[in-house]
> 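Dropping the structure in here first, questions after.
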There are 2 protein chains.
Amino acid sequence: MANIRDVARAAGVSIATVSRVFNNLELVNGDTARRVLQAAAACDYWPNEAAKSLTTNRCNAFGVLLPDLYGEFYSEIIRGIDQRARQARYQILLSSSHANNDDVFNAARAMLGRVDGLILMTPDTVSPDVVARVRKRLPIVLLNPSFAADGCGSVAIDNYGGAYAATSHLLQLGHRDIAMIAGPAGNVDADDRRRGFQTALREFGLDPARAETEVGDFREAAGHAAGLTILARRPRPTAVFAANDSMAIGLLGAAREQGLRIPDDLAVVGFDDITIARYLNPPLTTVTVDIFGLGRKAVAMMLATVEAADAHSPDREVLPAVLTVRESCGAKRRVGLTQSPR
Amino acid sequence: MANIRDVARAAGVSIATVSRVFNNLELVNGDTARRVLQAAAACDYWPNEAAKSLTTNRCNAFGVLLPDLYGEFYSEIIRGIDQRARQARYQILLSSSHANNDDVFNAARAMLGRVDGLILMTPDTVSPDVVARVRKRLPIVLLNPSFAADGCGSVAIDNYGGAYAATSHLLQLGHRDIAMIAGPAGNVDADDRRRGFQTALREFGLDPARAETEVGDFREAAGHAAGLTILARRPRPTAVFAANDSMAIGLLGAAREQGLRIPDDLAVVGFDDITIARYLNPPLTTVTVDIFGLGRKAVAMMLATVEAADAHSPDREVLPAVLTVRESCGAKRRVGLTQSPR
DNA sequence: GCGGCCGATGTAAACGTTTTCATAAATTCG
DNA sequence: CGAATTTATGAAAACGTTTACATCGGCCGC
């Protein structure tokens, strides 16, 4: 396959001139440029990007390391990342399933020379010093980080604020005995959502310690199990705030099995606003987070870091999490001919 | 940052030896190897992957070009691709939103020297000759292709078979007036599903031309609109086969608004088995496709092409699409009635 | 007519690897 | 004991670009 030398030969110029034409430096004579382009087209010349980045030390690509790819959450992150990157003519080098320190370290290492920076979402099991070691080689933007890392930008979700809003809403509807299905302790999102829940209660003069709190692993089955425990308590709580929608779905199942009507017998609020939420019966009131925006923001921050002439200190950004009121909390009248739960 | 030369100097050997140690060629003396590794660790040496691929002409990466990233379908494809690639220690260079010929061509071009092959899913708007031009430079595996391309592998979904199974099922349940909400003409998936529908009718002695068929764009709103038209017809069809689940959901909405009971007044079958399907009320009978497997297969085929010593002709594979019976078709409620095939 | 400048182009040295070939030392063997 | 073989290592040429620097006309102003 033709390389730059072949094009130069065919056009009767030096390789420097060919290079100049392709990087549209304006120092090339119009006629010469035309000749070069013609020759390039004739031998179907494609520049080799590896060689390019070797000399320029720029790749026009970002690495993306995620703990997993399953489900809407990651899908939307990637979509946001891709969209913004594409807009800036950057490529995305994707790698997922990074559970431990070595995984992350090796994946980052394997990207050296292929990316200009790393967008990193690490599970709790990854330690700050791995991130620090990688940071020595590459700019980093952390997604929803569990710790602040020196020299790394970060984009996070306002878990605390969202949980606070959800809980306040239930309180304002008159509920005073509100249970929570929390996420695993140690998980940043889980902990922040729990704090938001507790603060809201406290501000209403209630004791968070007396609020029934079950812990789950963010999956539907855990929500179901936690729901059974909560619904067995007497007096039964009148409302439940679940740390995510999947567990809320599990809870709805448990409630349905016991013949409870939602929201009349039990008000339910979730978190995430996954697509299913609006199709549930009744549609789930939940906290909506702009995950797509999270991805976009991460790339925007990365671009600012990479393309900035001056090395300004990296940003820390928090995206809002807003309550979306549907029917499962009881704030709205049911509309239409929705079939009643059994 | 340290390069191979620095390591060589620190270890008191030549760069060739360092390279040999890292590519674990067994020709290096044990002591020397130890010294090299120590030196490499001391100066935190990371090999530059761009330089590596420039000399070896191998990248250990595949490019993935998709028309879009929105929704579970693409998410699962990517997950499958990533999982299999990671297993083989390959990276994934992702790029989406490729609408037209130039987009695809330029994206492919920008990957030269960074990938060993391309996994390509093109919308109908991309022409075979663009694929052929790209194929000259890079091995290609097509996902669900609308045309056969010389020298390209392909992995497709058995749209025809799935649609045939869905329609046959409705016929066996006793329905004789079955409408279809089809996808846009020209779209491969849409066309194949429609053919499957028609063949099933024909085999039951019915005239496909007389079956009410509305066309939608695979989105929920289109399903709703098509549903209104279909339900307005007299006599009203007793069953509808929707070319995908999103449109089936739109149809269910339309039916609900008219006070129809599913499946008693109207049986509904979808296609895709998206996550929501099982959470609908009633749970949607649909055609399940292993999208994750589609991604995995594509990579497996790519690996076979790239790592094979002999250039065997590329494969063509079709993944099964199987009917998943839930409640929206009425088969489960009428167990007694379904025993006798007509 | 000449120094200086400018615009267009070429020469060659990087960038950081792998790998072929050469070489030196150590080992085997008849 | 010397020739043949093996083992371990180094020197240097690739790979395909970009870019600093050199070169060379032509043109300007004086």
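Letters A, B, ... are given to chains in the order of the sequence lines, protein chains preceding strands, and every chain is numbered from 1.
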> For R20(B) and dT18(C), give me the distance from atom CZ to atom C1', rounded to whole Å.
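It works out to 10 Å between those atoms.
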
> What contact category does F22(B) fall into here, base, sugar-phosphate, or nothing, at under 4.0 angstrom with non-hydrogen atoms?
nothing

> Expressed as a whole number of angstroms, how long is the span from R5(A):CZ to dT17(D):P?
8 Å

> Rounding to a whole Å, what distance do you find between I15(A):CD1 and dA20(D):C1'?
14 Å

> So G12(B), base contact, sugar-phosphate only, or nothing? Heavy-atom distance under 4.0 Å.
sugar-phosphate

> Checking contacts here: which listed nucleotide (dT17(C), dT9(C), dT18(D)) is nearest the side-chain heavy atoms of N3(B)?
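My answer, after comparing the listed nucleotides, is dT17(C).
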
> Looking for any heavy atom pair under 4.0 Å, which part of the strands does S19(A) touch: base, sugar-phosphate only, or nothing?
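Base, at least one base atom sits under 4.0 Å.
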
> Whole angstrom is fine here: how far is it from CG in N48(B) over to P in dC15(C)?
12 Å

> Measure the distance from CG on L54(A) to P on dT18(D) and round it to the nearest whole Å.
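Taking atom P of dT18(D) as the reference, CG of L54(A) is at 11 Å.
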
> If you check every side-chain atom of I4(A), which of dT17(C), dG10(D), dT18(D) has the closest atom?
dT18(D)

> Which sits closer to the 5' end of DNA chain D, A16(B) or A16(A), going by the nucleotide each is nearest to?
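Per heavy-atom nearest nucleotide, the more 5' residue is A16(B).
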
> Would you find a donor on one side and an acceptor on the other, under 3.5 Å apart, between the side chain of D315(A) and the backbone of G153(A)?
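Here the side-chain-to-backbone pair does not exist.
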
> State whether T32(A) places a side-chain N or O below 4.0 Å from either non-bridging phosphate oxygen (OP1 or OP2) of dA8(C).
no

> Look at D103(A) together with R86(B) and state whether they make a salt bridge at an N to O cut-off of under 4.0 Å.
yes

> Under a 3.5 Å distance rule, please check whether S75(B) uses its side chain to pair with a backbone N or O of G71(B) as donor and acceptor.
no

> Can a salt bridge be assigned to the pair D82(B) and R79(B) using a cut-off of 4.0 Å between side-chain N and carboxylate O?
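Looking at D82(B) and R79(B), the cut-off is not met.
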
> Take atom CZ of R9(B) and atom P of dT9(D), then tell me their distance rounded to the nearest Å.
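Whole-Å distance recorded here is 19 Å.
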
> OP1 or OP2 of dG10(C) versus the side-chain N and O atoms of S14(A): is any pair under 4.0 Å?
yes

> Starting at atom OH of Y45(A), determine the distance to atom C1' of dG16(D), rounded to an integer number of angstrom.
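From Y45(A) OH to dG16(D) C1': 7 Å.
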
> V13(B) has a side chain; which of dT17(C), dT9(C), dG10(D) sits nearest to it?
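It is dG10(D).
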
> Has S53(B) got a side-chain N or O lying under 4.0 Å from the OP1 or OP2 atom of dC15(D)?
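No, outside the criterion.
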
> For T55(B) and for A33(B), locate the closest nucleotide of DNA chain D by heavy-atom distance; then report the residue assigned to the nucleotide nearer the 5' terminus.
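Its nucleotide being nearer the 5' end, the pick is A33(B).
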
> Hey, does N23(B) reach any base, or is it just sugar-phosphate, or nothing, if we go heavy atoms under 4.0 Å?
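N23(B): backbone/sugar contact only, no base atoms under 4.0 Å.
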
> Can you measure R114(B) atom CZ to dC15(D) atom C1' for me and round it to whole angstrom units?
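For the pair R114(B) CZ and dC15(D) C1', the rounded distance is 16 Å.
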
> How would you list, by chain and number, every residue that makes a salt bridge (charged side-chain N to carboxylate O under 4.0 Å, His left out) with R316(A), sequence neighbours excluded?
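Checked R316(A) against salt bridge (charged side-chain N to carboxylate O under 4.0 Å, His left out); zero matches.
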
> Would you find a donor on one side and an acceptor on the other, under 3.5 Å apart, between the side chain of R135(A) and the backbone of G151(A)?
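Answer holds: yes.
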
> Nearest to the K52(B) side chain among dA12(C), dT18(C), dG10(D), which nucleotide is it?
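Among dA12(C), dT18(C), dG10(D), the one nearest the side chain of K52(B) is dT18(C).
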
